[in-house]
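Here the structure is laid out as structure tokens; the discussion comes afterwards.
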Amino acid sequence: MSEKLDIPKTLKDWDGDFGAYMEAKEDKLRVQFRKEFESRKTLSVFAGVTIWVDGETSPSREELRKLVGLGGGNFETYFSRHLVTHIVAENLSASKIKELKKYRLHSICVVRPQWVVDSFVNKKIQPVARYLIPGMLDDHQKQLLFANKELKSSSMETGMVYGSSAGKAEYHRRTASRSTSENPNFVRDFFAQSRLHFIGSFRARYEKILARMIAEEGTLCKLPYDRCKAHERIVFHVDMDCFFAAVSVAKTPGLRNQPIAVCHARQNSEIVDSSCEISSANYEARAFGIHAGMFVGEARKLAPSLVTVPYDFEAYEKTSELIYRKFLEYAERVEAVSVDEAYLEMTGIQLPLKIRDKEICDIEDLAKELRVDIETVSGCTASIGIGSNKTLARIATKKAKPNGQFTIWSYEAIEKLSLLPVGELPGVGWITRRRLNSMNIFTCQQLRELSLETLEKEFGKQTALSLFETCRGKDNRPLDLYRPPKSIGAEVNWGVRFENNLQGLEKCKKFIMDIVEVVCERLKAADAKATKLSYKVLRKQKDAPPPKKYLGCGLVDEFSKSTSLPSSDSVMEIGPRCLTLHESLNVPLDDLRGVGIHCFGLEFSSHYRQRNNDITLSKYFQIDKNPQQLRIDSCLRIGRVFSKQDNMRKDKYHERVKDAPVSRNSEGYSHSLDELITKNGWSPEVFVQLPNELQQELLKDIQSSNQKPFRENSSSLSSSFRCCKRSRSKRNKENRTLLQPTLTQLDDIYQAKNQGLSQLVVAEEFQSRSIRECLEILQDVEHAKKPKIDIPCEYSNMMNSVRQEQEIWYRTLHNLMKDPFIELSKYVRTWIKQIEPFQPDLRRQHQEALFASIRHEIEKGHLYQVQGFMRLLGSIAIEYEDNWVSCMVAEIEEWIQSVMHKTYDGAVLKLD
DNA sequence: ATCCTCCCCTAC
DNA sequence: TAAGGTAGGGGAGGAT
């Protein structure tokens, strides 16, 4: 631990005065150096070379500095892994050699001073081979030498933006290390490839998919429904069989009847012990004992013949749309659960009916028909659970799999569930199962023998109630057709590795900001602004063994902190706050294993409301025109609102709506609803016509006036209203207490020039609230409103400068984040596929066009993500091996390097 | 008594 | 190599 004393422990440690001071000092030295040699520079031998002299040398440090300056190179007084291309040293001690060896990894040559002298005298960069330090040479260094020699002196000239040498790029490509510390495009790459991200973000995408389908085809449901004539509730739970695997098999018939597993690992990978996780295995593979979540290495041991198939997210999405189309043809009400799974409300279906001249007499036939339909359109099989409610349908599906169907009606639930293991119940995960098992509870029958009180003691009130009801097959939840999100977030807990030094710190901050940017994009896509922010980290447990999974987070502890925000969806607002929260969590850089950012208290813009109410969607979300039916629906839905806090009412509701015929129940309930409404002086007829959300809102108001408060989150709509109100009043309070910055305080902020992230953190740390409040006041002034306090003239001038500086910095950051190479990276594969079939000369034309746009962006100063783009090109070239693509890639790479070199100086200035 | 924060658990 | 996300509900315990 003593050797770590000089290493920063948290962001905070380095973001104080010391870091800023050093940077300023280094800048000054560089400017001095450039000025000194600008006019006297006679040669360009050292173009692109940056040396750092370690210890005593002969010729002296001063002389070496001069030679390099005159030769057009750069000289660093303090070592930086990013900037330095050559370390100049001699007579190194063993410990020093050990220390310097680690820089080999970054392709920094360690040479004797004579190399500088000889290169200068010969007016040409000398091969470094003859100038290496004895003891520093090993296989890797030799390899590096070879690479350098091959690339001749040009390798020495590559700019720092691209890495310290072409050898370095070569090295990166070979190792293809993909952690946060190696890949500047990590966050985007990660999300593009993450299966869990794909699964988890389905609901956020669903509304758009649905809108498109409805826009294309209008009302989709083709079956006759009459919910008034319904005698019982019928719910389908449709679930595709090993969806990801099935989609691949459908696309590639050669895979049929083979054991396949969907994962990232390549089929011919020589890695025997692959820690790549299987996300879906077909039944042929399952016969070997292979299952989702298993590592490929393990699976290959079980079945050497296993075929691994890469992910095809696009195909999953397309197939999903096809099957959802079918769902919507069969049912008016569909609750999307995931990409391959949905609930269909079949209550009120009028049987018998005809589908394509086929007589369908009972519900079983209908389910069969739906399964056949699904297989026809998608090539994949589905299983259907039929039940009197969601829970029963869901349990039935498990019994139906694969490619079958199963029915559980409420009257037979007790009997059919008796021997079901508790772990099979929805809502019972492995923790609850373990706890139940330890209480000697293994089956539903045993669980039913426990009283509600016993369960409450063990699991808490709500969890106990849901266990109590689920094991009896009771469930009154209506289908959730669509609900606006209550939170939006993003997290990355894989590949997070940072070195505990200044570079690591900068990369970490960039990483956090990358995630913030993703979150903000998602907020914007949902037309939401957040009023609350929660920041989460994973920290490596003390003495945790290396994770079994490659670049996994291993054994970690989780910490989170939250804060309130002025309603916002901007990187500029949320980013700095995340950095502040990050600091307050005090995680040593090299222990950080994951970061999550979640926004709550969402406020949706009016645009969103309009969109949500537009004709096509509202047609779907409010399909019922018959008031009688509307009443049923409002009851079902109100049930959900009531159920959480008010148990008495819930019981009442249960009694009424339970498993008996819907129409009778609903009438009974509507009656009391009517009473409730008329008591408040509203007309029930009018109430029934109102949009559902408004009904809920009103009902809640009645409730609160009856002194029966509800939890806020029981309705997202009202909770956003309330959050909005609350945060505003809070802000006003803050205004009163905080908006009195002293002149010294403002001066301090001004002094902490906001040119970079680290400085911003200082400013945040210092006076974050003052800055924000200042900006708010200035906004008021700008909009010709009377500011909330009187600002003396000198204050407002001062604040103006602060604001200007902030804005400059924000804009720089923004540009950085909006780097077009991120976009380009996304499309380059598609682009290649598109032009692949063209004749060579036509391809040439497209290539030229790409060159032109790359040049254009580089000239505009978009350089930050070029590295990532180049690396992507590298990996594409490897995939394509020896055809035109790799030639083209080589050409682009070479070309980018030359362009980069030309604009290098300008770029660095811009980025600084 | 109620709210808020920081977790935990679950589902896909 | 590999891509361990997203979102909702709920509980314990402290703050108000």
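What you see is a predicted model, and the numbers here were worked out from it, not measured in a lab.
- In this structure, A:Glu469 does not pair ionically with A:Arg477, as no charged nitrogen and carboxylate oxygen lie closer than 4.0 Å.
- Spacing between atom CD1 of A:Ile515 and atom P of C:dG5 amounts to 10 Å, rounded to whole angstrom units.
- In this structure, the ring pair (Phe, Tyr, Trp, His ring centres under 6.0 Å) partners of A:Phe202, at least two apart in sequence or on a different chain, are A:Tyr206, A:Tyr324.
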Throw together a table of side-chain donor-acceptor distances under 3.5 angstrom for residues 191-198 of chain A, partners on residues two or more places apart or in other chains.
unit_1   : atom_1 : unit_2   : atom_2 : d
A:Ser194 : OG     : A:Leu196 : N      : 3.4
A:Ser194 : OG     : A:His197 : N      : 2.9
A:Arg195 : NH2    : A:Glu277 : OE2    : 3.2

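- Residue contacts for A:Phe202: at a heavy-atom cut-off of 4.0 Å it reaches no nucleic acid atom on any strand shown.
- For the OP1/OP2 pair of C:dT6 and a distance below 4.0 Å, the side-chain nitrogens and oxygens of A:His197 include at least one atom meeting the criterion.
- Checking the phosphate oxygens (OP1, OP2) of C:dA3, a side-chain nitrogen or oxygen of A:Lys549 falls inside 4.0 Å.
- Rounded to an integer number of Å, the gap from A:Asn183 CG to C:dA3 P is 15 Å.
- When the ring pair (Phe, Tyr, Trp, His ring centres under 6.0 Å) test is applied to A:His264, the partners found at least two apart in sequence or on another chain are A:Tyr311.
- No contact: A:Gly293 has no heavy atom under 4.0 Å from any strand.
- Proximity of A:Thr463 to the phosphate of C:dG11: a side-chain N or O atom is located under 4.0 Å from OP1 or OP2.
- The distance from atom CD1 of A:Ile574 to atom CD1 of A:Ile597, rounded to the nearest 0.5 Å, is 8.5 Å.
- Nucleic acid contact class of A:Arg522 (heavy atoms, under 4.0 Å, all strands): sugar-phosphate only.
- Counting to the nearest Å, the C1' atom of C:dG4 and the CD atom of A:Glu491 are 10 Å from each other.
- Remark: A:Gln193 is not in phosphate contact with C:dA3, judged by side-chain N or O atoms under 4.0 Å from OP1 or OP2.
- Protein atom OH of A:Tyr482 is 13 Å distant from nucleotide atom C1' of C:dA7, rounded to whole Å.
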For nucleotides 13-16 of chain C, print each protein N/O atom paired with a nucleotide N/O atom at under 3.5 Å, atom names and distance only.
none

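- Not counting sequence neighbours, A:Phe236 has no partner by the ring pair (Phe, Tyr, Trp, His ring centres under 6.0 Å) test.
- Among residues two or more places apart in sequence or in another chain, the ring pair (Phe, Tyr, Trp, His ring centres under 6.0 Å) test is passed with A:Phe295 by none.
- The nearest whole Å value for the distance from the NZ atom in A:Lys461 to the P atom in C:dG9 is 19 Å.
- Between A:Arg188 and A:Asp514 no salt bridge is recorded (no basic side-chain N to carboxylate O distance below 4.0 Å).
- Distance CH2 (A:Trp494) to P (C:dA3): 6 Å, rounded to an integer number of Å.
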Could you go through residues 533-541 of chain A and list every donor-acceptor pair under 3.5 Å that involves a side-chain atom there, pairing it with any protein atom two or more places apart or in another chain?
unit_1   : atom_1 : unit_2   : atom_2 : d
A:Tyr535 : OH     : A:His582 : ND1    : 2.6
A:Lys536 : NZ     : A:Glu491 : OE1    : 2.8
A:Gln541 : NE2    : A:Val556 : O      : 3.3
A:Gln541 : NE2    : A:Asp557 : OD1    : 3.4

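- Under the salt bridge (Lys or Arg N to Asp or Glu O under 4.0 Å) criterion, A:Glu298 pairs with no residue, sequence neighbours left out.
- Within 4.0 Å of A:Phe198, counting heavy atoms only, lies no atom of the nucleic acid at all.
- In this structure, A:Ala490 reaches the sugar-phosphate backbone alone: every heavy-atom distance under 4.0 Å involves primed, P, OP1 or OP2 atoms, never a base.
- Atoms CD1 (A:Ile597) and C1' (C:dA7) sit 16 Å apart, rounded to a whole Å.
- Across the interface with DNA chain C, nearest-nucleotide mapping of A:Cys276 and A:Lys536 shows A:Cys276 to be the residue nearer the 5′ end.
- Between the side chain of A:Arg300 and the backbone N or O of A:Leu306 there is no donor-acceptor pair closer than 3.5 Å.
- The NZ atom of A:Lys532 sits 9 Å away from the C1' atom of B:dT5 (whole-angstrom rounding).
- Taking only side-chain nitrogens and oxygens, A:Ser274 comes nearer than 4.0 Å to OP1 or OP2 of C:dA2.
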Per-nucleotide protein contact string for nucleotides 6-12 of chain B, where B marks a base within reach and S marks sugar-phosphate only (heavy atoms under 4.0 Å, - for neither): SS-SSSB
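- Phosphate proximity of C:dT6 to A:Arg195: absent, as no side-chain N or O sits under 4.0 Å from OP1 or OP2.
- Residue A:Ser487 places at least one side-chain N or O under 4.0 Å from the OP1 or OP2 atom of C:dG8.
- Mapping A:Ala265 and A:Asn493 onto DNA chain C by nearest heavy atom places A:Ala265 closer to the 5' end of the strand.
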